[in-house]
Amino acid sequence: LLNMIFPLAAGISVLGPVALSGRAFDIVNRLMTTRLELSKRFYTDYGISLFGQNFSKLPAVLTLDCSYTRLLMYGGLILFIIMCVGYILMINDALKEKCSVENSIKLAIIFSTIIAGMSEPFLFNESFKNLTLIFLGEWMFSKGLKWAQKGAQYHMLRFRMQNVDIPNIINRDRVTV
């Protein structure tokens, strides 16, 4: 159930403006203080691009303060998908970790920031001191190390099985591994 918090928050924020209509749209829009209406306006006026758009010349009255829609519009569809996949995988791994005070605090920070991201633009803003981005970076680094270690173990095993001759450059003779 906790795995669904991020997809629901991102889904309501990004798909809500186009999927909801009538009374349902009005209710959710009012609950989110017109964020769905603003998102819908950006979608219809500017469209969604793969690599994002520059909105620096927009009037100050037009603000996009939903983190998910902001990432989609400013960063583009590709960056939006990469960030969503990263958050989903990070949360999934964090939920699988052994229960501890540190992990519980980490999850509480992640989930509260994800929910707040529906109404504030700071979720994907690296200048805001967003701890979830630090957690995401730490998760990516640890996964990268695990994948690198698995790759190195695989290649060492493959070389041992093939009895490969590797030249020893220092002594100018051949060494069998």
Side-chain angles (χ1 to χ4, degrees), residues 1-97 103-144 147:
L1 189 58
L2 291 174
N3 278 328
M4 295 306 297
I5 291 175
F6 182 85
L8 283 174
I12 290 169
S13 299
V14 172
L15 299 176
V18 292
L20 298 174
S21 61
R23 183 109 172 102
F25 180 86
D26 293 338
I27 291 170
V28 175
N29 189 43
R30 218 172 306 126
L31 286 172
M32 294 180 67
T33 58
T34 70
R35 281 168 177 85
L36 290 184
E37 188 177 322
L38 287 169
S39 296
K40 189 172 192 171
R41 183 168 177 191
F42 267 82
Y43 292 163
T44 55
D45 290 353
Y46 305 104
I48 298 169
S49 71
L50 287 177
F51 300 104
Q53 301 175 49
N54 182 2
F55 295 106
S56 62
K57 299 199 192 266
L58 285 180
V61 179
L62 254 177
T63 59
L64 193 54
D65 55 359
C66 171
S67 292
Y68 303 99
T69 307
R70 186 177 183 86
L71 177 65
L72 180 61
M73 298 304 293
Y74 281 77
L77 186 60
I78 293 173
L79 182 61
F80 179 79
I81 290 171
I82 289 169
M83 292 300 290
C84 286
V85 168
Y87 267 86
I88 289 168
L89 293 175
M90 174 190 65
I91 291 167
N92 188 41
D93 281 0
L95 289 170
K96 289 178 182 176
E97 285 180 23
N103 194 42
S104 298
I105 291 171
K106 176 180 171 180
L107 285 168
I109 291 170
I110 291 170
F111 290 136
S112 61
T113 307
I114 284 170
I115 292 168
M118 294 176 73
S119 63
E120 296 298 330
F122 62 76
L123 182 59
F124 304 105
N125 183 348
E126 67 281 352
S127 66
F128 178 72
K129 298 172 186 68
N130 179 358
L131 290 178
T132 64
L133 290 176
I134 294 171
F135 296 149
L136 185 61
E138 182 268 336
W139 174 81
M140 290 171 59
F141 182 75
S142 68
K143 281 296 180 187
W147 292 332

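Atom set for the values below is all heavy atoms of this structure, side chains included, hydrogens, waters and symmetry mates excluded. This structure is a prediction, so every number in the text was calculated from the model and none was measured.
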If I take atom [atom1] from residue [X] and atom [atom2] from residue [Y], how far apart are they, to the nearest 0.5 angstrom?
X	Y	atom1	atom2	answer
Leu58	Thr63	CG	OG1	10.0 Å
Leu131	Ser112	CG	OG	9.5 Å
Leu50	Ile78	CG	CD1	4.5 Å
Met90	Phe6	CE	CZ	8.5 Å
Leu20	Asp26	CG	CG	10.0 Å
Ile115	Leu8	CD1	CG	10.0 Å

What pair of heavy atoms forms the shortest contact from [X] to [Y], and how long is it?
X	Y	result
Gly86	Trp139	O-CZ3, 4.2 Å
Val14	Tyr43	O-OH, 2.9 Å
Asn130	Phe124	ND2-N, 4.2 Å
Glu37	Asn29	N-OD1, 3.0 Å
Leu36	Val28	CD1-CG1, 3.3 Å
Ile12	Met32	CG2-SD, 4.0 Å

Heavy-atom check, side chain of [X] versus side chain of [Y], under 4.5 Å:
X	Y	answer
Met83	Leu136	yes
Ile114	Ile91	yes
Leu31	Ile27	yes
Glu138	Lys106	yes

Would you say [X]'s side chain and [Y]'s backbone share a donor-acceptor pair under 3.5 angstrom?
X	Y	result
Ser13	Ala10	no
Ser67	Glu120	yes
Ser49	Gly52	yes
Thr69	Cys66	no

Practice prompt. In sequence, state the C-alpha distance, the side-chain angles, and the governing distance for Tyr87 and Leu133, and then conclude on side chain to side chain contact (heavy atoms under 4.5 Å, CB included).
Written response: CA-CA 9 Å; Tyr87 267 86; Leu133 290 176; 3.6 Å; yes

Discussion item. Taking the basic N atoms (NZ, or NE/NH1/NH2) and the acidic carboxylate oxygens, is any pair closer than 4.0 Å for Arg35 and Asp65?
Written reply: yes

Worksheet item: Which of parallel (below 30°), tilted (30 to 60°) and perpendicular (above 60°) describes Tyr46 and Phe55?
Response: perpendicular

Worksheet entry | side-chain hydrogen bond (donor to acceptor under 3.5 Å, both in side chains) assessment of Tyr68 paired with Ser39 | CA-CA 10 Å; Tyr68 303 99; Ser39 296; over 6 Å; no

Item to complete: Check the pair Lys143 / Asp93 against side chain to side chain contact (heavy atoms under 4.5 Å, CB included), numbers first and verdict last.
Response: CA-CA 10 Å; Lys143 281 296 180 187; Asp93 281 0; 2.7 Å; yes

Discussion item. Both conditions, 6.0 Å and 45 degrees, for the charged tip of Lys40 above the ring of Phe25: are they met here?
Written reply: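 Yes, Lys40 and Phe25 form such a contact.
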
Worksheet item: Step by step, would you call Val85 with Ile81 a side chain to side chain contact (heavy atoms under 4.5 Å, CB included)?
Response: CA-CA 6 Å; Val85 168; Ile81 290 171; 4.3 Å; yes

Worksheet item: Using the benzene-type ring in the case of Trp, are the ring centres of Phe42 and Tyr74 under 6.0 Å apart?
Response: no

